[in-house]
J.: 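Mind having a look at this structure? Questions to follow.
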Amino acid sequence: MSVVEIVTAPFDAVAGIPDGATVMIGGFGEAGQPVALIEALLERGARDLVVVNNNAGSAEVGLARLIAADRVRKVICSFPRQTDSWHFDEKYRAGKIELELVPQGNLAERIRAAGAGIGAFYTPTGYGTLLAAGKETREIDGRHHVLEYPLRADFALIRAHVADEHGNLTYRRTARNFGPIMAAAATTTVAEVTRIVPAGDLDPENVVTPGIYVDRMVAVGATSGARDGALHTTGAAT
Amino acid sequence: MSVVEIVTAPFDAVAGIPDGATVMIGGFGEAGQPVALIEALLERGARDLVVVNNNAGSAEVGLARLIAADRVRKVICSFPRQTDSWHFDEKYRAGKIELELVPQGNLAERIRAAGAGIGAFYTPTGYGTLLAAGKETREIDGRHHVLEYPLRADFALIRAHVADEHGNLTYRRTARNFGPIMAAAATTTVAEVTRIVPAGDLDPENVVTPGIYVDRMVAVGATSGARDGALHTTGAAT
Amino acid sequence: MTEAVSATGRRGLDRAGIARAAARDIPHGSYVNLGIGLPTMVSAYLHPQDEVTLHTENGMLGMGPEATGDDIDPDLINAGKVPVTERPGASYFHHADSFAMMRGGHLDVCVLGAYQVSAAGDLANWHTGRAQDIPAVGGAMDLAIGAKQTFVMMTLLDRQGNAKLVGTCTYPLTGVGCVRRVYTDLAIFVLASDAQSPTVTVTATFDATVEELRELTGLPLLDGTGDAAPPR
Amino acid sequence: MTEAVSATGRRGLDRAGIARAAARDIPHGSYVNLGIGLPTMVSAYLHPQDEVTLHTENGMLGMGPEATGDDIDPDLINAGKVPVTERPGASYFHHADSFAMMRGGHLDVCVLGAYQVSAAGDLANWHTGRAQDIPAVGGAMDLAIGAKQTFVMMTLLDRQGNAKLVGTCTYPLTGVGCVRRVYTDLAIFVLASDAQSPTVTVTATFDATVEELRELTGLPLLDGTGDAAPPR
């Protein structure tokens, strides 16, 4: 039932994502972006996707390719406009893609709320701005807040570092970003990882995403340019 | 300003806690309970304290002693009644101590909200029960929720495992419990730790409480019965 | 079948038998939280091949059996504050993360004790309601509403012989409409509180007939004892 | 003093000079977030003895300088997606924790760029408001209201010679009443938006008099140039 499924091909890892699905995609820029899973999703051909990511793709990699191929109906993100977000820019200006712009911290907290079973929350971020237009507000302890609702997904595609065979995950440096909260906010979470080790090989104190949040995994090796293995040889104090 | 202050005596670590202060005390039962800091607080003599803890003290240790000495005006907790909570039981029955009973998950989330700058949140926990009596409710997506507010403190006293000289903290096993969220919810956070190592000796991936949340630290050695040092010699995969 | 003599003199399941019955309905590969007290016994009837992972709300997944001897570590305890052990593949997290896991519906099953359960699935298990008793709730309210399925284990009758499966709870509630299955010494009940009007179906009996259970509880119980076992 | 010729032909501070001025007002031991663009330059004027710890909202405390050569790691980037380095005593956390840190008021200072700042401390820095521009907000709204003190760095005048310190912002707002200090090429301003009526005090000028600044901005600026430096 909840035992994590380990597959050998990214194509199998993204099986069953239907047209119209809401898909969270981890990563901040390219750090933590599950490029192999996105490529597989592209190959699978699902359309009309609603994608939740911090950005709207860059250059010709991952999410940008999904957008270029007209697979994305709507992007929910905080920062679509980058110097190399030309595919999004073009689709947006052509009216071919919807944009829901969310302040980054509200995006993160809405995703966290979905995973944490919080019905809604009051946040000071965005109060008095266009991005809170029409939203319910409340003054609490003299401070103005906006009511924000959880953001859920059918699937989360994330990139982690080392996994154990129970689906416990660690991350590398700032590639952690949205992975842990997206894993908890989606009905089905798929992780691409550098490698999968036996249960007991990860220190339980250092697991960042417990396996309960992970449904499928595929090992794809290290990200181009990122080193695998122990980062901090002096980190022996714990 | 925010540089962590390292002191050598628990007595110095709890300096400046005034009568009437709201003090969060970490721990779930005795695991993670900052016994040395509580003893020092007892010695300091502050009275009329409002204490936030999961429990209301057990046997003759730590928080139970603070309650026995009539220093606590009110306890905010989820589980006061234990077989060995005789000091609390006696004060409560005698009308000498107030009790605010909070479901454990709402307690944790209220503490987290305080540290996270969330103004209030809707939670399904407690809806339709005595502990939500008089509270604002709202139906969201067909589910009933109760509105809960952040729980802040003037001081947090927590127990961690290894600290580095910047105040970064790790914890041991289930002694982690309330420490990380209390550290973020208090104006001043004081940590007792097993030992303090140089900056760079903790793996940055494995820091649980970043030093930004810690104001003062004191090294007191290992908890009685708990082993110091590496727990998982096989945990080399990260 | 293990048996015990209930308040009515009936020979139903003993505590171990109730625990075994509940364990049998925990799906393979589940993440499970066992409440303190009677529900803790369920772990004795979960086998490695069930691939069940135990959660303890004080911040751990992958909890092992109670610790003994040198394995006792005061920093490794369960929700009942009993020293426990760690299984390979365990993980630790803080309290807000632990209850987010629970409240967010990530646990498949939680098993709780009860003073009373109503036909609509309301649960009362935290407070006697007596003025002289000091109330303590712990994680009961979070557990009750958090897991995908909440199981209850209890004797069907209290010491006075009154049924604890009732039309309406008289004890203070822990959660509303949250109980899905009730394991007792005399029968197993499945509650469908999501229907227009709640139904209670008896799926197994132990030294009691469905008609006798209707009399004991005063509830219009459906007889499901002839049905195939529900899918695991 | 580094100088540059502004839109009015005045010789005020250049970008480095503005960054140095902002850096000087960051208290010892602070936790600081530097926005992308101009504010990033502040890090060049923070010294080890200042014990300032840099936060990047994509999940790190203890960020070091930009990475070069073999130190470049695509998994270690700042909010502007530029490869950076890690200082001893760094820590990593996920996005919800990172913005909790910010929103919860734990950062001492954040330094941001701006299109406009109002006398009441309103900040506009995320959107030109032009229909043809694609809006992007990133962490700007969270940063603006999250830190204990928000500093702004900008040129005082835009390319058309209009002051960017204004009575009321005409650009879409990032945050309301959140800016505390404004560092520009021609002057430093301290905003007290918590008072009954907001006040703007000039604490330093660079090739401009307070009277000239009043004319440029159309604001009733208070002259604080003779005051002692504010406590750090």
Side-chain angles (χ1 to χ4, degrees), chain A residues 1-6 108-121 150-153 156 160 162-171 176 180-189 196-217 238, chain C residues 25-33 46 48-57 59-64 73 75-76 84-110 139 141-149 175 178 231-232:
Chain A
M1 185 176 192
S2 297
V3 174
V4 66
E5 189 187 347
I6 300 174
E109 190 69 10
R110 289 177 62 193
I111 295 168
R112 190 243 173 212
I118 295 298
F121 59 91
L151 190 53
R152 296 183 183 83
V162 181
D164 74 14
E165 58 196 4
H166 289 189
N168 292 305
L169 305 179
T170 64
Y171 298 82
R176 185 181 302 195
I181 51 174
M182 286 182 170
T187 306
T188 302
T189 293
I196 300 171
V197 300
D201 272 17
L202 290 179
D203 185 335
E205 311 274 6
N206 301 340
V207 169
V208 174
T209 295
I212 192 171
Y213 296 120
V214 181
D215 299 284
R216 293 184 211 148
M217 294 193 298
T238 46
Chain C
D25 286 346
I26 292 175
H28 175 261
S30 291
Y31 288 92
V32 175
N33 185 297
L46 296 170
Q49 64 270 27
D50 296 333
E51 298 194 71
V52 166
T53 304
L54 295 182
H55 171 260
T56 180
E57 60 257 42
M60 181 187 195
L61 274 174
M63 180 174 66
D73 179 338
D75 286 341
L76 180 48
V84 291
T85 52
E86 175 189 287
R87 288 203 184 278
S91 57
Y92 296 102
F93 29 83
H94 62 58
H95 249 80
D97 280 350
S98 182
F99 281 80
M101 188 179 287
M102 191 185 291
R103 193 191 309 105
H106 304 285
L107 298 176
D108 297 295
V109 175
C110 86
M141 290 187 180
D142 308 273
L143 281 166
I145 60 94
K148 291 194 186 84
Q149 293 193 70
C178 55
R232 291 179 48 136

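Every chain is numbered from 1 and lettered A, B, ... according to where its sequence line falls, protein lines coming before strand lines.
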J.: Show the nearest heavy-atom pair for residues P210(A) and S91(C), with the distance to one decimal.
T.: CB-OG, 3.5 Å
J.: Minimum heavy-atom separation for H106(C) and A184(A), please, with both atom names.
T.: CE1-O, 2.9 Å
J.: Which pair of heavy atoms, one from A100(C) and one from R112(A), lies closest together, and at what distance?
T.: CB-NH2, 4.2 Å
J.: Side chain from CB out, backbone as N, CA, C, O: work out which of these in L107(C) comes under 4.5 Å of a heavy atom of chain A, or both, or neither.
T.: both
J.: Check P204(A) against A90(C) and note the closest heavy-atom contact, atom names and distance.
T.: CB-O, 3.3 Å
J.: Hey, is CZ on R216(A) packed in by over 12 heavy atoms from elsewhere, all under 6.0 Å?
T.: yes
J.: How about T53(C) and I212(A): do any of their side-chain heavy atoms sit closer than 4.5 Å?
T.: no
